[in-house]
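These notes are about the structure you will find just below.
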Amino acid sequence: MTLNERKTIDLEQGWEFMQKGITKLKNILEGLPEQQFSSEDYMMLYTTIYNMCTQKPPHDYSQQLYDKYRESFEEYITSTVLPSLREKHDEFMLRELVKRWQNHKVMVRWLSRFFHYLDRYFIARRSLPALNEVGLTCFRELVYLEIKGKVRDAVISLIDQEREGEQIDRALLKNVLDIFVEIGMGQMDYYETDFEADMLKDTAAYYSRKASNWILEDSCPDYMLKAEECLKREKDRVSHYLHSSSEPKLLEKVQHQLLSVNANQLLEKEHSSSERKLLEKVQHELLSVYANQLLEKEHSGCHALLRDDKVEDLSRMYRLFLKIPRGLDPVSNIFKQHVTAEGTALVKQAEDAASNKKADKRDVVGLQEQVFVRKVIELHDKYLAYVNDCFMNHTLFHKALKEAFEVFCNKGVAGSSSAELLATFCDNILKKGGSEKLSDEAIEETLEKVVKLLAYISDKDLFAEFYRKKLARRLLFDKSANDDHERSILTKLKQQCGGQFTSKMEGMVTDLTLARENQANFEEYLSNYPHVNPGIDLTVTVLTTGFWPSYKSFDLNLPAEMVKCVEVFREFYQTKTKHRKLTWIYSLGTCNINGKFEPKTMELIVTTYQASALLLFNASDRLSYSEIMTQLNLTDDDVVRLLHSLSCAKYKILNKEPNTKTISPTDYFEFNSKFTDKMRRIKIPLPPVDEKKKVIEDVDKDRRYAIDASIVRIMKSRKVLGHQQLVMECVEQLGRMFKPDFKAIKKRIEDLITRDYLERDKENPNVFKYLA
């Protein structure tokens, strides 16, 4: 039959058919014996609604069916659901509610399918609530509103039972609390208002009762252990059945009751000095007043924990205080004070040891800086581990550690700055026969740690100069134990301080490699031209001016034998390059010469200066101080040092008249032909020169240039600037390498004014102008 011929279904007849389907659905939900819906059943029910909604007026029953849809739920809830819930209590009532809610959702799903045509057209056109919403609203208004109070109380009661250690059905609680969330249909209002608010009140009351007992019975550490355990359990509770949005509110309640409320009593408890500081910022209402008093107390808790290495308590302190606003501030301050005190004690210990030694002061410093630097490294290792492990790498504690180390790392020991101590420490590790006997891995690790310490030192430029001086000695006198380690520390320094910091040092290491190649070429040259060979083994290290420390080069009057060597090398070098000028630094040279003494011939290892002096005695038996000085063309200082080493020290190669321990301009010298020693080969050292003064002078000079350059740079870009601001910008620019002294900056400004780089403002002398 065609659509026009379709038989009209009246409301009663149609609804009677629908009622059978709905009754069948209810029976299924109630667990009564009933066949499941077949697809034919479903199609018949759907089509009936479709037909009743698409008949011509007055037989379009859309509105009536929409009302009957809602009435079906209301009737079922009133007759079946509510009576079954009213007769049950506590946990049984909760189980029944979960079952009824699951059934209700199934019923909504099925009826919404049968009545689907309403959703598609009638509801859409009239802007009415959708079928799904109507179904859930029925449950909310008839069931939820009536029993929500009983449900909430039953749930809270179960939570408290669990807090007391009883086993409860967590899955049931999760399902019940899901109803509070789902009934809001996308909003959290019902969960928060009807359940969460009361649950939080109950939580506060529960922990208030607990805390008032524990505060009387337990020691502070025990109390804190319980507090931490409670916080852990509450977090666990959220993950199992509460909604995740409850977590911060719940934990805040627990913390407040266990920590903030009892903070005063807890802090005042006997036998708990080791944790006194622990809770000072928990109670934020008393922050400003109470914390400061506590911080000023002696022997307070946090210091004791650090002193006694209570790692677990420190970790717990961190975890508890992290949750409280600005709770970590006082803890990090105490950490900083503690580390500063320990480091300062190390400095004092080293100072005392140095002043108690009766030995030569230089030896004391040599030994002392090794012990001191090693102890500072150990201290840093220890507290860096605390920062990483106990304080979970928190920036506040990294900052505290840095500030603490900056205090005592810049103090220096026994007249030696930290910059010098660190450079000497590195030298000892890197040179052959140094006092530190370490494996390659240990050397790498130690160098890494030294570079970390350098970060705390303000005079990095001073370290660089001392290090460069010592590196030069290692490289030039073949004292370096391992090229790889030399390059490795330069890489570490470059990463820490930038390329400019290490560029000269890298140049020095490269120079040595080139010098070895150069020497090989020289030896090849001599073998190709045997007639030019001076007959003496000659090794020349060619260096690049600018990379190396400045060495004084006097025109030493070389012995004839050596002059020939210099000429031969110069000729060879000119075959390689015409544009480079060679400057000979004889003060760095060494010679092996044979001494023909009456007992035996011996090989003497001496400096070029010493060799030149000794060779004078091949032509003369006896020479005066002034004759030696004239023939060598050296300064008084150099002549005194080399004659002392040859006539007054351990090996007396020359006899001196008069036979005293000091060198005078009136002395006479002659070759000691009777000299002997049990060794066939001996090294005759020159008295060491204290290079510290020169290093400091060189660094001061470089700093003057750096300050000048910084001031000019700033003024060039700013054109006009006040004194205060210029000084501050200058300090900031130079701070990475050294801490410029305000007086020094002022002096350099004055100097730049006299050199017409800057001028003072005529009206305001505290303002400077740049002169292009």
Side-chain angles (χ1 to χ4, degrees), residues 473 476-479 533-541 551-570 584-689:
R473 292 192 73 79
L476 296 177
F477 299 116
D478 193 26
K479 291 276 184 68
N533 196 318
I536 295 173
D537 287 341
L538 173 67
T539 304
V540 179
T541 309
Y551 300 106
K552 56 183 181 182
S553 64
F554 285 110
D555 289 330
L556 167 72
N557 279 343
L558 282 179
E561 301 91 326
M562 294 188 192
V563 173
K564 177 85 190 300
C565 293
V566 169
E567 291 303 329
V568 169
F569 187 82
R570 192 175 277 131
W584 293 80
I585 300 171
Y586 303 123
S587 59
L588 295 175
T590 57
C591 293
N592 292 24
I593 59 176
N594 289 327
K596 292 180 178 170
F597 303 101
E598 285 171 16
K600 62 180 176 185
T601 298
M602 297 172 70
E603 188 180 341
L604 309 178
I605 302 164
V606 288
T607 66
T608 305
Y609 282 10
Q610 289 170 318
S612 301
L614 288 173
L615 288 170
L616 297 178
F617 288 90
N618 280 346
S620 312
D621 293 334
R622 179 184 164 92
L623 289 166
S624 70
Y625 174 95
S626 55
E627 284 171 325
I628 293 170
M629 188 174 167
T630 309
Q631 288 195 45
L632 293 180
N633 189 32
L634 287 178
T635 62
D636 267 315
D637 283 354
D638 286 325
V639 173
V640 168
R641 282 176 70 237
L642 75 89
L643 287 175
H644 187 280
S645 71
L646 297 170
S647 65
C648 303
K650 183 179 177 184
Y651 304 113
K652 296 184 171 55
I653 311 296
L654 301 177
N655 288 329
K656 182 174 90 72
E657 285 177 24
N659 186 8
T660 54
K661 289 285 180 194
T662 52
I663 304 291
S664 302
T666 54
D667 292 346
Y668 280 85
F669 301 86
E670 56 185 47
F671 179 63
N672 177 12
S673 57
K674 302 273 191 296
F675 175 79
T676 189
D677 191 86
K678 63 176 186 286
M679 307 297 287
R680 287 226 166 251
R681 191 164 182 258
I682 58 169
K683 183 175 183 182
I684 304 170
L686 266 179
V689 180

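Along the sequence shown, residues are numbered consecutively beginning with 1. The model shown is predicted, which means the values in this text are computed figures rather than measured ones. When reading the values below, keep in mind they use all heavy atoms of this one structure, side chains included, and skip hydrogens, waters and symmetry mates.
Using a 4.5 Å heavy-atom threshold, the side chains of Arg570 and Trp584 count as touching. Between Leu616 and Leu632 there is a side-chain heavy-atom pair separated by less than 4.5 Å. The shortest side-chain heavy-atom distance between Leu642 and Leu634 falls under the 4.5 Å cut-off. In this structure the side chain of Ser673 never reaches within 4.5 angstrom of the side chain of Lys596, judged on heavy atoms. By the 4.5 Å heavy-atom criterion applied to side chains, Leu604 and Arg681 are not counted as neighbours. Between Asp637 and Val639, every side-chain heavy-atom pair lies at or beyond the 4.5 Å cut-off. When side chains are defined from C-beta on, Ser645 counts as touching Gln610, because their heavy atoms get closer than 4.5 Å. Annotation: side chain of Phe477 is in contact with side chain of Leu588 (closest heavy-atom distance under 4.5 Å).
The distance from atom CD1 of Ile653 to atom CE of Met602, rounded to the nearest 0.5 Å, is 7.0 Å. To the nearest 0.5 Å, the span separating OG1 on Thr607 from CG on Leu686 amounts to 4.5 Å. The line from NZ of Lys683 to NZ of Lys650 is 12.5 Å long, rounded to the nearest 0.5 Å. In this structure, CD1 on Ile593 lies 10.5 Å from CD1 on Ile536, to the nearest 0.5 angstrom. Residue Met629 holds its CE atom at 10.5 Å from CG of Leu643, rounded to the nearest 0.5 Å. Taking OG of Ser612 as the start and CG of Asn557 as the end, the distance is 9.0 Å to the nearest 0.5 Å.
Listed by first and then second residue, the salt bridge (Lys or Arg N to Asp or Glu O under 4.0 Å) pairs involving residues 612-624 are Arg622-Glu657, Arg622-Glu670 (not counting sequence neighbours).
Glu603 and Asn594 share no donor-acceptor pair across their side chains, judged by distance under 3.5 Å alone.
Listed by chain and number, the residues in a side-chain contact (heavy atoms from CB on, under 4.5 Å) with Thr666 are Ser664 (sequence neighbours excluded). Legend: residues meeting side-chain contact (heavy atoms from CB on, under 4.5 Å) with Val640, ordered by chain and number and at least two apart, are Tyr625, Ile663.
In terms of heavy-atom proximity, Arg641 sits nearest to Pro688 at NH2-C, 4.4 Å. When all heavy atoms of Ser647 and Phe669 are compared, the pair lying nearest together is OG-CE2, 3.7 Å.
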Query - Steps toward side-chain contact (heavy atoms from CB on, under 4.5 Å) verdict (Gln631, Leu623) - result: CA-CA 10 Å; Gln631 288 195 45; Leu623 289 166; 3.9 Å; yes
Requested in this report: I would like to know whether Phe569 and Thr539 meet side-chain contact (heavy atoms from CB on, under 4.5 Å); could you show each step before the answer?
Outcome: CA-CA 9 Å; Phe569 187 82; Thr539 304; over 6 Å; no
Requested in this report: Please report the C-alpha distance between Leu654 and Asn672 in whole Å, then the side-chain angles of each, then the deciding distance to 0.1 Å, and finally whether the side-chain contact (heavy atoms from CB on, under 4.5 Å) criterion is met.
Outcome: CA-CA 5 Å; Leu654 301 177; Asn672 177 12; 5.8 Å; no
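Although no hydrogens or angles enter the test, the distance criterion places no donor-acceptor pair under 3.5 Å between the side chain of Ser620 and the main chain of Phe617. A donor-acceptor distance shorter than 3.5 angstrom exists from the side chain of Lys656 to the backbone of Thr662, with no hydrogens or angles considered.
Annotation: Tyr668, atom OH; neighbour count of heavy atoms from other residues, nucleotides and ligands within 6.0 Å does not exceed 12. Annotation: Lys600, atom NZ; neighbour count of heavy atoms from other residues, nucleotides and ligands within 6.0 Å is above 12. At most 12 non-hydrogen atoms from other residues, nucleotides or ligands lie less than 6.0 angstrom from CG of Asp537.
The pair Glu567-Lys564 fails the salt-bridge criterion, with no side-chain N (NZ, NE, NH1 or NH2) lying under 4.0 Å from an Asp/Glu carboxylate O.
Residue Leu556 is tested with Ile585, Thr608, Asn633 for a side chain to side chain contact (heavy atoms under 4.5 Å, CB included); the sole match is Thr608.
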